[in-house]
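A quick write-up on the structure given underneath.
Order of appearance sets the numbers: ligands from 1, and atoms from 1 within every ligand. Values in this document were obtained by computation on a predicted structure and should not be read as measured data.
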Amino acid sequence: MRRVLLVTGASAGIGAATARLAATRDYDLVLNYNSDHAGAETVAEAARNAGARTLICQADVGDPDQITRMYHQIDAEFGRLDALVNNAGVVDRSARVTEFSHDRLRRMFDINVIGAMLVAKEAVLRMQAGGKGGAIVNISSAAARLGSAGQYVDYAASKAAIDTFTKGLSDELARENIRVNSVRPGLIETDIHAKGGEPGRAKRLAATVPMQRTGSADEVADAILYLLSDAASYVTGSILEVTGGR
Ligand code: NAP
């Protein structure tokens, strides 16, 4: 039987690559996005062509009411949820901590941390139903380890929160057949760098990577699909670095 997977932020980048790959691996898909409807439609079409049943859900994960509405749609369409990729995330313009505003910090933590926790909470409630279990992959960042000084320390701290959340949640759920892991991408070629005001950021920093190159969204998707799969049946509470060694 095909498993039902929710990917947040599935309209672009790593989320889109993950959804496309999952469709080829016997998952039906809930594709969440915030603003890029055309992007979500394109991914849905590719997923349907690969045999997946798809549901597109617009919801800003920084808004709890919109998360609730998304889960009502999921319940109505599928009546179950087996897997979650907690991927939606944002960066902001490069700035020093002394330049941060309260509004900037609220947005960063509402989307990257509180949103991810609430999305996971609702997923867990559905995985617990009937004791069937499931798997969650939270998308962190190498920034959690590097700190991102002078760029976005707030973003790095939000991703460190995701890693701690992964450890705690995985321990809470380890006896309930629900595995929780995180993936830490490094410098990956997606539009997130342009959204942070520096389209060439990944290329500029490629020389700092031991492998001397940036990574692709598809390479991150492969790691995510591994952690979701039964091949990772004894893996929980882990952080998988997909950074070319950086
Ligand atoms: P991306 O290309 O900018 O895609 C981000 C996705 O998240 C889009 O689908 C976007 O949807 C969605 N999103 C943003 N805010 C949202 C919100 N409030 N509610 C729902 N969806 C929202 O970024 P990416 O590079 O693929 O990043 C995906 C994840 O990987 C993020 O958590 C990011 O922090 C992490 N990451 C990326 C890199 C990298 O180098 N690319 C490195 C480390 C970690 P809309 O466009 O529809 O709004």
### Heavy-atom nearest option to atom 13 (N) of ligand 1, drawn from Ala144, Ala88, Ser216, Gly115
Ala88
### Sub-4.0 Å heavy-atom contact, Asp60 with ligand 1
yes
### Task
Go through ligand 1 atom by atom and flag the ones less than 4.0 Å from a non-hydrogen atom of Asn32.
20 (C), 21 (N)
### Within-shell test, Gly186 vs ligand 1, heavy atom, strictly < 4.0 Å
yes
### Query
In the protein, which heavy atom is nearest to atom 47 (O) of ligand 1, and how far is it?
Asp36 N, 2.7 Å
### Query
Does ligand 1 have an atom that lies less than 4.0 angstrom from a heavy atom of Ser140?
yes
### Summary
Note: ligand 1 atoms sitting under 4.0 Å from heavy atoms of Thr190 are 2 (O), 23 (O), 24 (P), 25 (O), 26 (O), 41 (N)
### Query
Of the options Thr164, Asp171, Asp163, which is the one that meets Lys167 in a side-chain hydrogen bond (donor to acceptor under 3.5 Å, both in side chains)?
Asp171
#### Entry: Any Glu219 side-chain heavy atom under 4.5 Å of Ile188 side chain
no
### Summary
Of all protein heavy atoms, the one nearest atom 19 (N) of ligand 1 is Val61 N, 3.0 Å
### Task
Would you mind telling me if ligand 1 is within reach of the side chain of His37, the backbone, both or neither, using heavy atoms under 4.0 Å?
neither
### Message
Here's a test for you: under salt bridge (charged side-chain N to carboxylate O under 4.0 Å, His left out), which of Arg3, Arg179, Arg25 qualifies with Asp230?
### Response
Arg3
### Query
For ligand 1, which atoms, with element, lie under 4.0 Å from some heavy atom of Tyr155?
33 (C), 34 (O), 35 (C), 36 (N), 43 (C), 44 (C)
### Query
For ligand 1, which atoms, with element, lie under 4.0 Å from some heavy atom of Ala12?
2 (O), 4 (O), 9 (O)
### Query
Taking only heavy atoms of Gly13, which atoms of ligand 1 are found under 4.0 Å from at least one of them?
2 (O), 26 (O)
### Task
Counting heavy atoms only, name the option from Gly15, Ala202, Ser35, Gly89 that's nearest to atom 48 (O) of ligand 1.
Ser35
### Task
Would you mind running through ligand 1 and noting each atom that sits below 4.0 Å from a heavy atom of Ile14?
26 (O), 30 (O), 37 (C)
#### Entry: Identity of the nearest option to atom 32 (O) of ligand 1, non-hydrogen atoms only, from Asp110, Asn87, Asn86, Ile139
Asn87
### Query
For ligand 1, which atoms have a heavy atom of Val90 less than 4.0 angstrom away?
14 (C), 15 (N)
### Query
How close does the nearest protein non-hydrogen atom get to atom 23 (O) of ligand 1, and which residue and atom is it?
Ile192 CB, 3.5 Å
### Task
Answer yes or no for Gln58: is there a heavy-atom contact with ligand 1 below 4.0 Å?
no
### Query
Given Lys159, Glu189, Lys195, which has its nearest heavy atom closest to atom 1 (P) of ligand 1?
Lys195
### Summary
re atom 12 (C) of ligand 1, the protein heavy-atom contact at minimum distance is Gly9 CA, 3.4 Å
#### Entry: Atom indices of ligand 1 within 4.0 angstrom of Ala10 heavy atoms, with elements
9 (O)
### Query
Does ligand 1 have any atom that is closer than 4.0 Å to a heavy atom of Ala40?
no
### Summary
To atom 11 (O) of ligand 1, the nearest of Ala142, Gly62, Ser11, Ala19 on a heavy-atom basis is Ser11
